[in-house]
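Following: one structure in structure tokens, then a few remarks.
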Amino acid sequence: MKGLVCRNISKRYPTGKVALKSMSLSVESKGIFALIGRNGAGKTTLVRILATQMMPTSGTASIDGIDIIREPGRLRQEIAIVPQEARAIPWLTPMETVYSYLLWRGFESGEAKKRARKALNDVGMGDQADKMNQYLSGGMKRKVLVATVIASEARIIFLDEPTTGLDPISRSDLWKMLAKLKKERFIFLTTHYLDEAEKLADSIAIVEEGKLVASGTIEELRGKVKYPYSIKLLDGNTKVPKVRGKVIKGLDGSIQILTGEDEAYSVSKELIKKGTKFALGPLTLDDIFYSLVRKKIEGDDDGDEEENW
Amino acid sequence: MEMKRRIGSQILASILVNAIYTMKNYPIMLVWTFLSPFSLLLVIFFVSNGTLLGVGIEGALVMSMVLSGISMQGDLSHLRNDMKLQDMVVSSPTSALIYIVGMAISELVYSAPALTVLGILAVLFIHTTIMGAVQIFLVMALMFAFSIALGFMLSTFSSDVIQSWAFSGIVSTFLSTIPPVYYPITYIPLPYRYIAYLSPTTYAAQIAQNAAGYVSVPAGTVVVDWIVLIGVSILILFIAAKKTRWRER
């Protein structure tokens with residue numbers, strides 16, 4: 001079967017900690033798939049299982065018909081990973097880092113050198129290729145690691161929180177690379193930066209406490225929340241119109257109204273009449289995430305009560 | 001079309017990362033790895049007024065094999081836990097066996113400068129027969145395989161470099177401090193000699209010292225030494241093959 005399919009994957013560590021609880025998931029193996037969740041939600045555990053680094057306690061999974069448990073050797077021909085917390089080896093240069101990784105993948109030396117040089121140029125590291133990794137900035141070191149998988153022939157790439165700790169410009173550079181890369185490969189990305197997932201991913205899954213909360217395109221996820229539209233009032237003293245939805249007071253004094261499409265339209269008209277400044281839009285992934293995850297944690301009924309955040 | 005993967009390249013990658021690039025980019029490592037086997041040899045040479053030079057050279061050769069595994073344990077723990085390199089390699093076409101073979105060779109490459117000098121010293125100062133030389137070589141090869149298997153297995157169990165130092169310390173005490181490698185076992189008073197026999201290195205040293213004529217051991221004892229050494233090596237290789245965590249459970 002094509003695509004990535006997980007069936008009831010569970011993982012209990014020897015310490016007794018349960019990281020995944022019967023997770024089932026099915027996504028197309030093309031473009032970028034983003035797995036989002038809080039710290040400790042089970043993202044890295046799932047990635048490590050799918051990348052054949054760890055056995056699940058129960059359940060099974062396959063990627064494009066290759067069983068991760070029974071055929072790890074076959075799958076390893078097709079995958080490459082930049083693990084969470086991976087570091088570019090300090091005493092190697094970027095060229096040596098990418099070149100040796102390609103040798104591990106079985107490339108002939110000449111071809112490995114050619115590909116390594118090209119990948120480093122592609123990520124904008126051509127000028128730094130022969131400088132030792134220890135003298136590079138954090139963003140550059142990350143680019144070196146991403147260059148290893150770009151240079152490889154793997155058509156399935158796992159990137160576990162690749163932008164954690166990067167400054168906004170380095171993040172944006174990396175996003176551009178990934179946007180280019182997704183045209184040719186399937187990228188399985190984990191992140192807790194929701195804007196990153198929203199900008200890059202073709203499909204998204206939200207995990208919480210080892211369970212799948214929701215999955216789909218951003219539009220499909222928006223369809224899973226009760227109030228898919230947001231009206232933001234910058235002036236916290238504005239009298240909030242009567243509306244069927246949820247009113248949230250922000251720490252910055254702003255007011256956010258979550259509501260349905262028709263309600264959003266009529267409230268907007270009312271606010272325009274009063275000359276009130278506001279911003280209207282569909283829910284962002286941030287809002288969807290908070291809504292779905294909070295609902296899961298608190299058993300929230302998505303009621304209409306006012307709340308602070 | 002499926003890509004043709006070269007095992008030679010996969011082995012070369014480990015040698016480059018763990019030995020060649022390290023020595024090229026940090027030349028100080030070359031000096032350290034060159035000097036380390038000679039420190040104890042010098043002490044033995046001066047303390048014995050030169051009488052134990054041959055035994056010391058032989059000991060340094062055996063010890064360099066033992067230290068390869070101990071050193072590899074530290075190297076692999078560091079690459080695995082701090083760099084996450086092993087995770088990248090596990091999720092690649094390189095198998096555990098190819099990775100370990102490459103890393104084992106990298107340790108030999110790393111100690112090549114010291115081994116070359118020790119080899120020259122051995123030719124100059126150890127006077128033995130061809131059979132004796134073969135025995136010394138086999139002992140070294142067995143100790144190398146034993147320590148590499150042990151080192152690799154332990155590296156996959158350590159979750160932190162600090163823990164790996166503890167493993168190194170314990171293994172080093174057991175394999176290199178207790179056994180009489182740089183001097184004959186007869187130098188250890190009898191009740192304590194039995195403690196030395198707890199370490200497989202003692203049997204290796206006894207075979208090598210007997211092969212070079214530095215101690216005279218009955219033929220039956222040599223046979224027992226070989227049986228113990230081969231048995232322990234096979235046992236460790238078997239345990240390592242079963243217990244090493246390549247794909248975590």
Side-chain angles (χ1 to χ4, degrees), chain A residues 11 13-14 44-45 47-57 68-69 72-93 95-97 99-112 132-134 145 148-149 152-154 156-158 160, chain B residues 1-30 75-76 78-103 106 110 156-157 159-161 245-249:
Chain A
K11 180 67 189 178
Y13 285 103
T44 295
T45 301
V47 166
R48 297 197 73 216
I49 287 171
L50 294 174
T52 73
Q53 291 168 11
M54 186 192 275
M55 291 289 278
T57 308
I68 63 150
I69 294 166
R74 214 179 128 205
L75 188 59
R76 285 169 185 158
Q77 311 283 324
E78 311 283 346
I79 60 173
I81 186 170
V82 178
Q84 189 184 13
E85 294 171 12
R87 283 174 57 202
I89 299 173
W91 62 89
L92 265 58
T93 65
M95 181 64 191
E96 290 165 351
T97 307
Y99 170 66
S100 51
Y101 179 72
L102 293 179
L103 292 181
W104 265 309
R105 294 199 69 88
F107 279 94
E108 179 271 322
S109 175
E111 175 69 9
M132 269 209 271
N133 289 331
Q134 62 180 302
L145 292 172
T148 60
V149 293
S152 80
E153 81 303 350
I156 300 155
I157 289 171
F158 293 93
D160 194 1
Chain B
M1 196 180 74
E2 202 163 299
M3 176 187 153
K4 187 178 181 303
R5 298 189 195 276
R6 289 159 198 266
I7 291 176
S9 292
Q10 293 172 322
I11 291 173
L12 177 64
S14 299
I15 299 169
L16 286 173
V17 169
N18 202 41
I20 311 253
Y21 290 151
T22 317
M23 293 194 282
K24 178 181 134 279
N25 296 335
Y26 289 162
I28 190 74
M29 300 301 285
L30 194 63
D75 293 344
L76 293 192
H78 180 50
L79 291 172
R80 175 175 176 263
N81 298 315
D82 302 332
M83 307 292 150
K84 304 289 172 198
L85 176 74
Q86 193 171 305
D87 283 352
M88 291 178 78
V89 177
V90 169
S91 300
S92 85
T94 294
S95 67
L97 184 63
I98 290 172
Y99 183 66
I100 180 66
V101 167
M103 286 297 176
S106 79
Y110 207 62
T156 66
F157 279 91
S159 54
D160 185 89
V161 76
R245 292 178 184 168
W246 186 247
R247 187 182 199 182
E248 288 173 32
R249 293 257 153 208

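Here is how names work: the chains are called A, B, and so on, in the same order as the sequence lines, proteins then strands, and each is numbered from 1.
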Interface moiety of A:Ala88 toward chain B, non-hydrogen atoms closer than 4.5 Å: backbone
Chain A contact via B:Ser95 - which portion, at a heavy-atom distance below 4.5 Å: neither
Reported OG-to-CD1 distance for the pair A:Ser152 and A:Ile81, which is rounded to 0.5 angstrom: 12.0 Å
Audit row: A:Trp104, B:Ser14, side-chain hydrogen bond (donor to acceptor under 3.5 Å, both in side chains) steps and yes/no: CA-CA 8 Å; A:Trp104 265 309; B:Ser14 299; 3.2 Å; yes
B:Ser106 backbone acceptor or donor facing B:Asn18 side chain under 3.5 Å: no
Interface moiety of A:Thr97 toward chain B, non-hydrogen atoms closer than 4.5 Å: neither
Contact leader toward chain A among B:Leu16, B:Val17, B:Leu79, where contacts are heavy-atom pairs under 4.5 Å: B:Val17
Winner by heavy-atom pair count (cut-off under 4.5 Å) against chain B, out of A:Gln84, A:Glu108, A:Glu96: A:Glu96
Which atoms of B:Ile98 approach chain A - backbone, side chain, both or neither, heavy atom under 4.5 Å: neither
A:Thr44 and A:Asp160, any side-chain heavy atoms less than 4.5 Å apart: yes
Under 4.5 Å from any heavy atom of chain B - which part of A:Tyr13: neither
Part of A:Ile49 within contact of chain B (heavy atom distance under 4.5 Å): backbone
Under 4.5 Å from any heavy atom of chain B - which part of A:Arg74: neither
Separation of B:Gln10 CD from B:Ile15 CD1 (nearest 0.5 Å): 12.0 Å
Audit row: A:Gln77, A:Arg105, side chain to side chain contact (heavy atoms under 4.5 Å, CB included) steps and yes/no: CA-CA 8 Å; A:Gln77 311 283 324; A:Arg105 294 199 69 88; 5.8 Å; no
B:Lys24 to B:Tyr26, cation-pi by 6.0 Å centre distance and 45° axis angle: no
A:Phe158, part contacting chain B, at a heavy-atom distance under 4.5 Å: neither
Residue part contacting chain B, namely of A:Glu153, when any heavy atom lies under 4.5 Å: side chain
A:Glu78 portion near chain B, given a 4.5 angstrom heavy-atom threshold: neither
Partner chain A: residue of B:Lys84, B:Met83, B:Arg247, B:His78 with the largest heavy-atom pair count (under 4.5 Å): B:Arg247
Side chain proximity check, B:Arg6 to A:Phe107, heavy atoms < 4.5 angstrom: no
Polar side-chain atom of A:Gln53 near backbone of B:Asp87 as donor-acceptor pair, under 3.5 Å: yes
salt_bridge(B:Arg5, A:Glu111) N-O dist < 4.0 Å: no
Largest heavy-atom contact set with chain B, pairs under 4.5 Å, which of A:Ser109, A:Gly106, A:Ser100: A:Gly106
Heavy-atom pair count under 4.5 Å with chain B, highest-scoring of A:Ala80, A:Ala112, A:Pro90: A:Pro90
